[in-house]
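Small disclaimer: the values here were computed from a predicted structure and weren't measured. The chains referred to below are lettered A, B, ... by the order of the sequence lines, with proteins before strands, and numbering in each begins at 1.
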2 protein chains.
Amino acid sequence: MVKQKEPSKGERTRKTILDSAYGLITEQGYAATSMRQIAEKAGLSLGSIYNHFPSKQDVFKAIVLERHPMIQIIPLLGSIQGRTVDEFVQNAAHALIKQLGRHQPELINLMLTEIVEFKGAHMPLVFEKMVPRMLQVAERLSQLDGELRPIPRPIMLRAFAGTFLFYYVTESLLGPAMPPEMRANALDHFVDIYLHGILVKETA
Amino acid sequence: MVKQKEPSKGERTRKTILDSAYGLITEQGYAATSMRQIAEKAGLSLGSIYNHFPSKQDVFKAIVLERHPMIQIIPLLGSIQGRTVDEFVQNAAHALIKQLGRHQPELINLMLTEIVEFKGAHMPLVFEKMVPRMLQVAERLSQLDGELRPIPRPIMLRAFAGTFLFYYVTESLLGPAMPPEMRANALDHFVDIYLHGILVKETA
DNA sequence: CCTACCGATCGGTAGG
DNA sequence: CCTACCGATCGGTAGG
């Protein structure tokens with residue numbers, strides 16, 4: 001265990017503000033959330049927030065850099081187990097969905113709010129932290145049991161991210177609106193299609 | 001050709017307002033766009049807008065119901081050609097990407113704005129129009145040459161939508177931030193993985 | 001950390 | 001279709 005420093009009063013207040021802003025912004029969007037709402041929910045006066053953040057934009061920036069789903073996922077990628085490609089991919093899909101699901105729908109709204117209201121201005125920074133990790137995973141994938149088709153590894157990774165992220169997004173947003181036939185065991189089927197798609201076909 | 005009625009003055013003004021609002025909202029988001037901005041861009045006074053729409057929300061609703069990507073795509077689905085599953089899927093992917101790409105990045109922003117700022121409130125209505133079309137396509141898919149694996153057709157369709165939509169979204173938003181290895185021929189690879197994933201494996 | 005305030009801008013309406 | 005206005009709310013700051 002890593003020993004945590006006791007947070008100072010200022011650090012605690014800062015966290016309170018971020019928690020409050022996180023809840024409101026992921027629920028209402030950035031422009032629709034006022035500094036007054038954030039202050040009230042944090043149990044502070046409006047002016048006090050400006051002792052911790054110079055502007056509303058800076059509050060949002062701090063949230064993105066500390067809580068964006070892509071950043072939340074980074075530590076998880078290293079700990080996925082699996083002997084074969086099959087096992088590894090299935091474990092990864094379920095671990096990621098589980099992790100993201102714990103914070104539903106806040107994380108997805110944070111992601112989309114950043115894209116819509118800031119035109120993805122923070123994405124290069126966020127993505128920069130992700131890429132090396134993804135390439136590591138691609139490398140690892142090549143060393144597992146199971147013959148992979150001749151598809152560039154980074155593309156394979158991107159397709160994997162797509163498979164499960166799209167599942168997650170549609171499930172969160174359209175779930176109740178979809179007919180049941182589109183939902184039953186969907187994640188398992190998605191993973192199955194993906195695996196079948198990247199592995200060399202065995203002679204039946 | 002279907003003969004179009006001459007639009008009345010009121011209809012033309014309405015369209016001018018929607019065009020103006022569409023441009024601003026897809027660029028800035030809903031909350032960040034004011035009725036005054038919309039009026040100015042449309043060459044009208046603020047008050048005049050309220051002769052055509054009862055509220056700001058109604059302006060947005062009209063835009064979603066007439067221009068949401070899912071609704072834009074509907075007419076396209078029926079005209080996809082292809083003798084084999086392989087051909088059909090490839091044609092569909094490229095046709096859809098081409099159609100969506102023509103309106104980039106407005107369409108994607110419209111979609112995401114609706115989700116973030118309205119919590120997908122209009123989605124059931126939009127989706128309702130899509131489902132019968134998708135099921136038609138699923139039916140057609142079964143009749144093409146090429147043996148499909150035993151995966152429920154609606155799931156197969158959802159996975160397809162996911163494949164190309166995720167390609168489209170990541171390309172639009174992360175394109176420049178991605179390393180080249182993640183981008184080269186990505187759509188073709190995605191389609192390849194998908195096709196390999198849904199077709200019964202041939203004995204080599 | 002709070003109170004009290006600033007100018008600006010918002011969605012919407014009355015009246016013509 | 002416009003002018004002129006309403007009350008409400010915004011992000012941010014001065015001063016203590």
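Relative to the six-membered ring of B:F88, B:R140 misses at least one condition, a distance below 6.0 Å or an angle of at most 45° to the axis. A cation-pi arrangement is present between A:K56 and A:Y30, with the terminal nitrogen or guanidinium carbon under 6.0 Å from the aromatic centre and inside a 45° cone about the axis.
A:R36 has its CZ atom 13 Å from the P atom of C:dC6, to the nearest Å. Regarding A:M35, its CE atom lies at a distance of 14 Å from the P atom of C:dC1, rounded to whole Å. Regarding A:L44, its CG atom lies at a distance of 8 Å from the C1' atom of C:dC1, rounded to whole Å. One interatomic measurement links the two molecules: OH of B:Y30 to P of C:dG11, which rounds to 8 Å at whole-angstrom precision. The interatomic distance linking A:H52 (NE2) with D:dG12 (C1') rounds to 16 Å, in whole Å. What separates CG of A:N51 from P of C:dC2 is a distance of 9 Å, to the nearest Å. For the pair A:K56 NZ and D:dG12 C1', the interatomic distance rounds to 12 Å; values are reported in whole Å. A straight line from CD of A:E40 to C1' of C:dC2 spans 15 Å, rounded to a whole angstrom.
Among the protein residues, B:S48 comes within range of the nucleic acid bases, having at least one heavy atom under 4.0 Å from a base atom.
Counting only heavy atoms from C-beta on, B:Y50 has its side chain closest to C:dT13 among C:dT13, C:dC2, D:dC5. The side chain of A:K9 sits closest to C:dC1 out of D:dG12, C:dC1, C:dG12. If you check C:dT13, D:dG11, D:dC1 against the side chain of B:L46, the one that comes closest is C:dT13.
At a non-hydrogen distance threshold of 4.0 Å, nothing from residues 16-28 of chain B comes into contact with DNA chain C.
In summary, A:K41 and A:D19 do not engage in a salt bridge, as defined by a charged side-chain N under 4.0 Å from a carboxylate O. Contact check on A:R133 versus A:E128 returns no salt bridge, with no Lys/Arg side-chain nitrogen under 4.0 Å from an Asp/Glu carboxylate oxygen.
Not a single donor-acceptor pair under 3.5 Å links the side chain of A:E139 to the backbone N or O of A:L135.
Along DNA chain C, the nucleotide nearest B:Q37 and the nucleotide nearest A:G43 are compared for position; the residue whose nucleotide lies closer to the 5' end is A:G43. If A:A32 and A:P54 are placed on DNA chain D by their nearest nucleotide, the residue sitting closer to the 5' end is A:A32.
In summary, the aromatic rings of A:Y194 and A:F160 are positioned with their centroids under 6.0 Å apart.
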Step by step, would you call A:R158 with B:M178 a side-chain contact (heavy atoms from CB on, under 4.5 Å)?
CA-CA 10 Å; A:R158 185 177 160 194; B:M178 273 189 284; 3.7 Å; yes
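The aromatic rings of B:F166 and B:F190 sit parallel to each other, their planes meeting at less than 30°, with 60° as the upper class boundary.
Of the side-chain N and O atoms in B:S55, none sit less than 4.0 angstrom from OP1 or OP2 of C:dG11. Using a 4.0 Å cut-off, no side-chain N or O of B:S45 falls inside it from OP1 or OP2 of D:dT3.
Of the N and O atoms on the side chains of A:T16 and A:T13, not one donor lies less than 3.5 Å from an acceptor on the other residue. No hydrogens or angles considered: nothing links the side chains of B:E87 and B:N91 as a donor-acceptor pair under 3.5 Å.
Stretches of at least 3 consecutive Watson-Crick or G-U wobble pairs, with each checked distance under 3.5 Å, appear in DNA chain C as C:1-16 with D:1-16.
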